[in-house]
Amino acid sequence: MIVTPQKDAVATAADALRAGKLVILPTETVYGLGADASNPEAVAAIFEAKGRPRFNPLIAHVADSAAAEKVAIFDDRSRALAEAFWPGPLTIVAPIKNRFAVCDLARAGLDSVAIRVPGHAKAREVIAAFGGAVVAPSANRSGRPSPTTYADAVEETGLATGAAIDGGPCAVGVESTVVSVLGGQVALLRPGSVTRRELEEIVGPLAERAEEGHRSPGRMALHYAPDAPVRINVEQPAEGELLLGFGEGVGDPRWSLSPTGNLREAAANLFRLLREADRTHPKGIAVTPVPNDGLGEAINDRLKRAAGFVG
Ligand code: AMP
Ligand code: MG
């Protein structure tokens, strides 16, 4: 009898990532819901699966430091931190080098990227087999605790995934420490299992307070906003305004979030179109109404922020 060899779980997960599907990925911190960081539609699917009402920047996971250096710009200090704590639960926010490796939606439009090499060998195996960066927020649905076992991860978001890897219970169980290394300063954005003391042993005293531009998107203010004023829920653009449409027959298809009215496509296009629209230096950017169900809630949240309604 000829037995067709079963592809192993790692290869199956790497294939699923390549196909734009989501994957349950074990890490040493918590179970992640992973997607190809370069694929905006796959990243949009993460927000959809988690039911997150807003787009916050996600952590890009890479297999090793060499891969990280292709994605982000490192300096002496970020390199020293990476050498000291990778693979492991330290996330470094650094200027983005390759905007396509970690797409705009994954970075919430920021010019920086949060990146780490996970300490879990299975996670690194999947990422290496895939060959790119994998964004992987915790695999829970929004507002629920982060899963630290395979069973919990599958129960939370398993239905939305194309593959799932059982890596046993998470050794650390809390999220990674997040530091920013930007503009000549190292600042602690989120405490985690790597302590302030351990960080200071490597890079000296941390910045007292994160400068504008380091601030954790949890605190929101730094999110990308176009220079042009943004108006939302607009039916008819004013003179000199560029209209960003949504749905069939609304405005110029070139400037449509989704000509077919698909929310996942609209999420995938949102940051790129805001950026490109801004680059044409319009008097203003007018956005037609986007329905508020599913991903629409996160899209509208982002648009409200761009329009200055939310701090
Ligand atoms: P999670 O993936 O859910 O563990 O959360 C990602 C964490 O990284 C959040 O605390 C974000 O605020 C933070 N983060 C991700 N990207 C950036 C960035 N470019 N600048 C500052 N903080 C970031
Ligand atoms: Mg989480």
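When a residue number appears, it is its place in the shown sequence, counting from 1. In listed order, ligands and their atoms are each counted from 1.
Excluding waters, the protein N/O/S atoms found under 2.8 Å from the Mg ion (ligand 2) are Ser138 OG.
Remark: ligand 1 atoms within the under-4.0 Å shell around heavy atoms of Pro137 are 2 (O). Residue contact check: Leu189 has heavy atoms under 4.0 Å from atoms 21 (C), 22 (N) of ligand 1. Close approach to Pro57 involves these atoms of ligand 1, each under 4.0 Å from a residue heavy atom: 6 (C), 15 (C), 16 (N), 17 (C). Distances below 4.0 Å separate heavy atoms of Arg52 from the following atoms of ligand 1: 3 (O).
With salt bridges taken as basic N to acidic carboxylate O contacts below 4.0 Å, none links Lys50 and Glu156.
Defined by atom type and a distance below 3.5 Å, a donor-acceptor pair is present between the side-chain atoms of Asp75 and Ser78. Counting only N and O atoms by type, the side chains of Thr91 and Ser176 include a donor and acceptor under 3.5 Å apart. Asn140 and Ser138 share a donor-acceptor pair across their side chains, judged by distance under 3.5 Å alone. Side-chain contact of Thr288 with Glu235: a donor-acceptor pair under 3.5 Å is absent, judged by distance alone.
Under the 4.0 angstrom criterion for non-hydrogen atoms, Arg190 is in contact with ligand 1. Using 4.0 Å as the threshold, Thr91 has no heavy atom nearer than that to any atom of ligand 1. Put simply, part of Val93 is less than 4.0 Å from ligand 1, judged by heavy atoms.
When all heavy atoms of Ser256 and Gly247 are compared, the closest pair comes out as OG-N, 4.4 Å.
Judged by distance alone, with hydrogens and angles left aside, the side-chain atoms of Arg116 form no donor-acceptor pair with the main-chain N or O of Val62 at under 3.5 Å.
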>> As a quick check of understanding, evaluate side-chain contact (heavy atoms from CB on, under 4.5 Å) for Trp86 and Ile115, giving each step before the final call.
In response: CA-CA 11 Å; Trp86 286 356; Ile115 195 161; 4.0 Å; yes

> Could you go step by step and tell me if Arg231 and Val287 meet the side-chain contact (heavy atoms from CB on, under 4.5 Å) rule?
Replying inline: CA-CA 6 Å; Arg231 290 196 305 133; Val287 191; over 6 Å; no

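Relative to atom 19 (N) of ligand 1, the option among Gly32, Ala114, Ser112, Ser138 with the closest non-hydrogen atom is Ser112.
Between Ser146 and Glu175 the shortest side-chain heavy-atom distance falls below 4.5 Å.
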